[in-house]
Number of protein chains: 2
Amino acid sequence: MGRVEDLDRQIVRLLVRDGRMSYTDVGKATGLSTSAAHQRVRRLEQRGIIRGYAAVVDSEALGLPLTAFISVKPIDPAAPDDAPERLAGLDEVEACHSVAGEESYILKVRVGAPGDLETLLAKIRAAANVSTRTTVVLSTPYEGRPPNL
Amino acid sequence: MGRVEDLDRQIVRLLVRDGRMSYTDVGKATGLSTSAAHQRVRRLEQRGIIRGYAAVVDSEALGLPLTAFISVKPIDPAAPDDAPERLAGLDEVEACHSVAGEESYILKVRVGAPGDLETLLAKIRAAANVSTRTTVVLSTPYEGRPPNL
DNA sequence: TCTGAAAGTCGCAAACA
DNA sequence: TGTTTGCGACTTTCAGA
């Protein structure tokens with residue numbers, strides 16, 4: 001994957017901030033014609049630099065007000081570690097990071113209520129044969145801030 | 001903020017998966033006319049359920065290959081706690097969650113290289129008068145998976 | 001890699017059920 | 001809340017430089 005030059009960075013920044021911006025406006029903001037802007041966006045998508053577009057949603061409003069981080073450690077360190085695949089089946093698991101340190105993975109999960117968290121923890125332990133350590137999120141001052149390009 | 005009914009859920013799910021889907025296609029997928037779909041989307045935006053739209057970007061390709069979680073604890077528990085605002089000025093900080101447990105906040109940060117992480121940690125400690133505990137992300141099997149609605 | 005033009009699609013507002 | 005209708009804007013492709 002090649003480097004990203006300035007003009008492309010600018011385009012990426014625009015689209016991260018407003019994923020529905022028109023190519024015409026991207027062009028105006030970058031001094032390109034509509035088609036040139038469009039072509040560059042398409043190339044960014046093909047190169048995998050822009051992975052896609054998503055609506056940013058308020059998960060509380062959708063009935064998932066409780067967020068938690070769950071650190072996960074295999075009970076049998078000798079067993080083959082396929083925890084990410086095993087946990088991918090659980091819809092509540094929004095992210096899975098392999099990490100350095102005491103534990104092997106950090107999961108980010110969203111559920112509707114404390115009881116759902118309890119159920120989810122049981123599922124996680126059973127699915128991946130792991131022990132867990134849970135940190136409940138009380139509030140989120142901010143999240144998903146665009147990177148400074 | 002009112003509850004979200006089934007049709008709206010469906011629309012949200014569609015737009016989370018493809019933030020650039022046309023209202024015509026949203027309509028086709030939900031059995032609504034283009035304008036009805038459009039109106040519902042607009043209402044979802046006004047209610048704050050859809051916060052906006054963003055391009056999903058490969059941060060590695062943008063020169064930020066190193067992700068870490070930093071747990072943060074105020075050194076002076078008696079001081080007024082404005083850490084989130086103080087840390088908001090640091091572009092590397094992508095998210096800030098207030099959490100229950102030993103530490104007060106969990107930050108998610110992205111930097112270009114280990115040396116940048118060192119610099120950032122110093123900035124964080126200085127800006128918010130906190131101690132830190134850092135967990136480096138080795139790889140991310142998945143992240144930002146859409147919630148199952 | 002850019003521009004400019006042509007054709008089709010879409011966004012958006014208005015009028016009405 | 002919903003549908004239909006219509007105009008202007010936008011997307012998309014292509015020829016040409």
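Sequence lines set the chain letters: A, B, ... in the order given, protein chains first and strands last, and positions in each chain run from 1.
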On the 0 to 90° scale, with breaks at 30° and 60°, tag the Tyr23(B)-His38(B) ring pair as parallel, tilted or perpendicular. parallel
Any luck finding a side-chain donor-acceptor pair between Arg43(B) and Gln39(B) under 3.5 Å? yes
Out of dT12(D), dC12(C), dC10(D), minimum distance to the side chain of Tyr23(B) belongs to dC12(C)
By nearest atom, which of the nucleotides dC2(C), dC10(D), dC10(C) is closest to the Arg43(A) side chain?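 Nearest nucleotide to the side chain: dC2(C).
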In this structure, how many angstroms lie between the [atom2] atom of [N] and the [atom1] atom of [X], rounded?
X: Leu32(B); N: dT4(D); atom1: CG; atom2: C1'; value: 14 Å
X: Lys28(A); N: dT3(C); atom1: NZ; atom2: P; value: 15 Å
X: Asp25(A); N: dT11(D); atom1: CG; atom2: C1'; value: 13 Å

Under 4.0 Å between a Lys/Arg side-chain N and an Asp/Glu carboxylate O for Glu143(A) and Arg110(A)?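 Yes, charged N to carboxylate O under 4.0 Å.
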Starting at the 5' end of DNA chain D and moving along, which residue's nearest nucleotide shows up first, Arg20(A) or Leu7(B)?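 Looking at the nearest nucleotide for each, Leu7(B) comes out on the 5' side.
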Gap between atom CZ of Arg145(B) and atom CZ of Arg17(B) - 0.5 Å precision: 10.0 Å
Out of the candidates Lys73(B), Arg125(B), Glu103(B), only one should pair with Thr132(B) under the side chain to side chain donor-acceptor pair (under 3.5 Å) rule; please name it. Arg125(B)
Just checking Ser33(B): base, sugar-phosphate only, or nothing, at a heavy-atom cut-off of under 4.0 Å? base
Is a donor on one side and an acceptor on the other found under 3.5 Å between the side chain of Tyr105(B) and the backbone of Ala83(B)? no
Could you identify which residues of residues 34-42 of chain B place a heavy atom less than 4.0 Å from some atom of DNA chain C, listed by residue number, or say none? Ser35(B), His38(B), Arg42(B)
